[in-house]
Protein chains: 2
Amino acid sequence: MSKPDKREEIVRAALEIIAEHGFHGAPMALIADRAGVGAGTIYRYFENKDVLITELYRELEERIYPVITEGYSEVKAFRERFLHLGTALLKYFINNPLDFRYLEQFHNSPYGVAFRRDRLLGEKEGCDVYRELFDEGIAQQVLKDVPLPIHFALAFGPLLSVARDHILGFITLDDLIIARTIEACWDAVRR
Amino acid sequence: MSKPDKREEIVRAALEIIAEHGFHGAPMALIADRAGVGAGTIYRYFENKDVLITELYRELEERIYPVITEGYSEVKAFRERFLHLGTALLKYFINNPLDFRYLEQFHNSPYGVAFRRDRLLGEKEGCDVYRELFDEGIAQQVLKDVPLPIHFALAFGPLLSVARDHILGFITLDDLIIARTIEACWDAVRR
DNA sequence: TGATTCAGAATGAACGTTCATTCCATGTTT
DNA sequence: AAACATGGAATGAACGTTCATTCTGAATCA
C-alpha cells in the first residue's frame, strides 16, 4: 500500500466509524483496524485525533462544493437558483449519508462551534455560493427583510432536519416530496 | 440538606455541565463536585450515568410543556395558534439556554435517536399539542400537502437553528425578528 | 434530660476498564 | 547501509462505578 493510500484509508475508516458512532464511539484503535493499519501509523499522518477530525471535516467540505455547484448557473432566475442549491444539497446528503452524519456530529460539538465562530462571516458549510445568493436576494428585495442568519436558518434548518429524518429511516423521501420541501423553504424566505 | 434537595442539586449540576460541555465533557466526579455531594451519592439517586441523562431529559420536557401551552386556546384561528406555539417555544429556548443546549445534545446523540424511535413506534408522542395542531391543519387543508414530519421540519428546523445562533451569540434576536421568523415558518407550512 | 443505639444516607479512595498516545523492534525503500 | 515507515505492545491518564467506612439524626432508654 502506497503512502497516500494509507492516509486515504485512515480518513475513510474514520468517516465510517465516527458517522455511525460519534467521536467518542470511535477509538483510534478501531479506526486503525478498519483502515487495515497499525494504531501508531495514524500518528504519522495526523498529529492527534483532533487534527484527524478537523482535517476530515475540511475534506468533506471540499468534496461537497463541486457537486452542489454543478450545473449551477448564475444567470438563471433567482428562484431557480435557490431551488437548485437547496435540492442539490439535500440530494447530496441523501446520497452520502455518512458525510451528512459526520457533518452533523461535527456541527453539534465543540469543534463545530469553534469552527463557526472563526468563520462568523462565512457561515454554514463555508460555501460562498449560498452567501452570495442570499446577499443578492436581500439587496434586490426578493427575499424577506430579515438578517442573513435568519435566512440561512429558514432555508437550511428544514433541509437538515428532513435529511436526518430520512437517513435515520423516520421518513422516506422521493423526488416529489423533496421538490415540495424545497419550494416550502422558498415560501419561507421569499418576500 | 434534605433528601430531595440533593437529588435536585445533582440534576441542576448535570444540566449545567452537560449543556456547556456535552455528555463526555461531564464526568460524574465533576457533576458531584458542582452539586456539592460525594461522587458515590449520585448513585443513591440514579442507577448510572445513562439513567441520570434520560431522567434529566424527561424532567426538562415536563418543565417546558406548561410554559408553552400557557395562554394557548384551541378556539383561536389556526394561524394564531401556530404563531403562538412557535413563538412560545422559541422564547422558552432563549430564556432557558441551558435547557436548549441540553435538549440539542440529547437529540444529537444515540440517546435521542433511540428515544425518538421508541416514540414513533409507540404512538406516545411527547409534543401532543404540536401533533394535534398539524394533523388538524392537514385535514382542513390549511397546510401544504406533505407528510407530517416534513411540516415538523419546516416549522421546528428554522426555530432550533435560530435559537442556537442566538444562544451561541452569532445573532441577537428581538421581538420583531422573532415575530418575522415565526411568520416566515408559517409561510413555509401554509398552503 | 442526657446517654445510647441504630438504620440508612453520604462519602471518597480504590478498582477495573478504556482510551489516546508513545515507543521501539522490525520491515521496507533508496 | 542508512533513512524512513510500520505495527502493535506498552504507558499513563481519565473515567464510571463500587464499597467499606463515616456521619447524622431520630428513636429509645434510664
### Query
C:dT11 phosphate, OP1 or OP2: any side-chain N/O from B:K6 under 4.0 angstrom?
yes
### Test side chain to side chain contact (heavy atoms under 4.5 Å, CB included) applied to B:R164 and B:F100, step by step
CA-CA 8 Å; B:R164 183 169 47 241; B:F100 176 78; 3.8 Å; yes
#### Entry: Given A:R12, A:K6, A:R7, the one that forms side chain to side chain donor-acceptor pair (under 3.5 Å) with A:E9
A:R12
### Query
Counting side-chain heavy atoms from CB outward, which of D:dT17, D:dG7, C:dT21 is closest to B:Y43?
D:dT17
### Selection from C:dT21, D:dA5, C:dT11 that lies nearest to any side-chain heavy atom of A:R44
D:dA5
### Message
Taking B:D175 first and then B:K91, would you say they form a salt bridge - that is, a charged N and a carboxylate O separated by under 4.0 Å?
### Response
yes
### Query
Of the nucleotides D:dA9, C:dG12, C:dA10, which has the atom closest to the B:T41 side chain?
C:dA10
#### Entry: Side chains of A:H107 and A:Y57 in contact at under 4.5 Å (non-hydrogen atoms)
yes
### Summary
Checking C:dG12, C:dA10, C:dT21 against the side chain of A:N48 (C-beta onward), the nearest is C:dT21
### Message
Salt bridge check, A:D145 against B:R180: does any charged N sit closer than 4.0 Å to a carboxylate O?
### Response
yes
### Message
Please report the distance, rounded to the nearest Å, between NZ in A:K49 and C1' in C:dT18.
### Response
11 Å
## Note on the structure
Within residues 19-30 of chain B, the residues having a heavy atom closer than 4.0 Å to DNA chain D are B:A26, B:P27, B:M28
### Query
Of the non-hydrogen atoms in B:L98 and B:A19, which two are nearest, and what is the gap between them?
O-CB, 3.5 Å
### Query
Which whole-number value in Å describes the distance from A:R7 CZ to D:dT6 P?
13 Å
